[in-house]
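Read through the structure below, which is laid out as structure tokens, and then see the notes.
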There are 2 protein chains.
Amino acid sequence: MKSSADRLAWSLQQCIAKKMRMTGARKRILRFLSESRQPVNLEQMGRARGIKGTCDNATLWRTMMSLEEFGIVRRVSLKSKMAHFALATPDEHHDYLVCQDCGTVADLPHTHALDALQEEISKTKGFTFEKHEVEIYGTCPDCQPAKR
Amino acid sequence: MKSSADRLAWSLQQCIAKKMRMTGARKRILRFLSESRQPVNLEQMGRARGIKGTCDNATLWRTMMSLEEFGIVRRVSLKSKMAHFALATPDEHHDYLVCQDCGTVADLPHTHALDALQEEISKTKGFTFEKHEVEIYGTCPDCQPAKR
DNA sequence: GTACCTGCAAAACCTTTGCAGCATC
DNA sequence: GATGCTGCAAAGGTTTTGCAGGTAC
């Protein structure tokens with residue numbers, strides 16, 4: 001797992017490489033995304049310390065659209081009404097385990113079983129997974145009825 | 001794979017069990033869902049032969065909400081702006097393979113690799129998968145650049 | 001007859017766009 | 001100084017709700 005500082009540095013560097021202007025709003029947004037270990041939605045971003053009151057909603061959106069277009073963030077669905085975003089740093093997991101009851105999102109670490117699954121899908125379906133994304137919905141430990 | 005008739009019979013039976021009133025609109029909706037092998041959205045449902053002109057959008061929505069609440073249909077995210085729904089018949093796959101380029105949805109048949117993945121997640125994360133759902137995003141054969 | 005369902009209409013909500021002014025390069 | 005970014009405001013599209021009337025049980 002990369003540090004927030006590493007993630008921030010990576011995203012800033014990407015923006016420069018893509019010739020995006022480094023404005024105050026963008027720095028604040030990238031800082032927040034770097035520190036967010038789970039996908040966040042616009043409302044969370046708008047309320048965040050360091051962003052609140054400094055950035056219009058339209059700007060937030062347009063910024064996220066640009067960042068997504070350049071591959072710096074990913075849009076994650078998560079069965080939510082609102083769009084969620086997460087930094088698209090390389091060499092980090094981008095797969096999610098979502099509780100169908102409470103909506104908690106957990107990381108889905110890369111495992112051998114996942115590789116095997118993708119390989120099997122590639123063989124049978126012809127799909128490729130360069131920029132794959134997996135969302136698995138189940139029931140988290142906290143939401144499982146206490147059986148005994 | 002169950003026949004459409006089987007799927008329809010199951011859904012009708014579920015509605016009866018849940019004491020939902022069997023109105024004309026609901027029968028038409030269930031028929032359409034039974035015949036749909038891919039998740040469908042409200043717009044598709046509203047345009048479908050057998051539904052078009054006979055059912056208000058608000059009714060469609062409220063019906064889907066009821067059906068979802070009773071576990072008769074599932075809401076599927078599919079990274080689409082619009083909500084998609086699919087019949088939640090037992091003993092059928094409810095996993096999807098989505099193309100990140102064209103949005104095509106393919107079935108993800110149950111494989112041993114998927115079982116292995118879930119087992120591994122259960123062990124390491126404590127998630128259970130009674131009503132699991134998996135969405136995997138990759139690139140379908142048609143959208144892969146022709147390499148040679 | 002009662003409880004639930006439906007259509008119509010309008011509201012609520014998230015997302016998108018236009019435009020004039022401003023900041024970055 | 002030119003280009004791209006921002007805020008404000010308003011439009012667009014999907015989802016949600018209220019209410020009066022109708023339908024299944």
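Sequence lines set the chain letters: A, B, ... in the order given, protein chains first and strands last, and positions in each chain run from 1.
Two different hydrophobic clusters hold A:I136 and A:V105 under the rule that ILVMFWY side chains link at heavy-atom gaps under 4.5 Å.
For the pair A:N41 CG and C:dT15 C1', the interatomic distance rounds to 13 Å; values are reported in whole Å. As a whole-Å value, the separation of B:K27 NZ from C:dT6 C1' is 15 Å. Atom NZ in A:K18 sits roughly 17 Å away from atom C1' in D:dG4 (whole-Å rounding). Distance CZ (A:F70) to C1' (D:dG4): 11 Å, rounded to an integer number of Å. In this entry the distance linking CZ of A:R75 with P of C:dT15 reads 7 Å, nearest Å. The CG-C1' distance, from A:N57 to C:dT16, rounds to 11 Å in whole Å. The NE2 atom of A:H84 sits 12 Å away from the P atom of C:dC14 (whole-angstrom rounding). When the P atom of C:dC13 is taken as reference, atom CE of A:M82 falls 11 Å away, rounded to whole Å.
Ion pairing between a basic and an acidic side chain is recognised when a charged N comes within 4.0 Å of a carboxylate O; B:R47 and B:E43 show such pairing. Between A:E69 and A:K18 there is no salt bridge, since none of the side-chain N atoms of the basic residue sits less than 4.0 Å from a carboxylate O of the acidic one.
Checking D:dC8, D:dT16, C:dG7 against every side-chain atom of B:C55, the shortest atom distance belongs to C:dG7. Across D:dT14, C:dT15, D:dT16, the shortest atom-to-atom separation from the side chain of B:W61 is found for D:dT16. The side chain of B:T63 lies closest to C:dT6 when the candidates are C:dG7, D:dT6, C:dT6.
Heavy-atom distances to DNA chain D give each of B:T23 and B:K81 a nearest nucleotide, and the one nearer the 5′ end belongs to B:K81. Heavy-atom distances to DNA chain C give each of A:M22 and A:A58 a nearest nucleotide, and the one nearer the 5′ end belongs to A:A58. Comparing B:R21 and B:T59 against DNA chain C, the residue whose closest nucleotide sits nearer the 5' end is B:R21.
Side-chain contact of A:Q100 with A:T139: a donor-acceptor pair under 3.5 Å is absent, judged by distance alone. Side-chain atoms of B:Q14 and B:S11 include no donor-acceptor pair closer than 3.5 Å.
Contacts of A:R62 with the nucleic acid, taken as non-hydrogen atoms under 4.0 Å apart, include base atoms. Counting non-hydrogen atoms under 4.0 angstrom, A:T54 reaches the backbone sugars and phosphates but no base.
Within the 4.0 Å cut-off from OP1 or OP2 of D:dT14, not a single side-chain nitrogen or oxygen of B:S80 is found.
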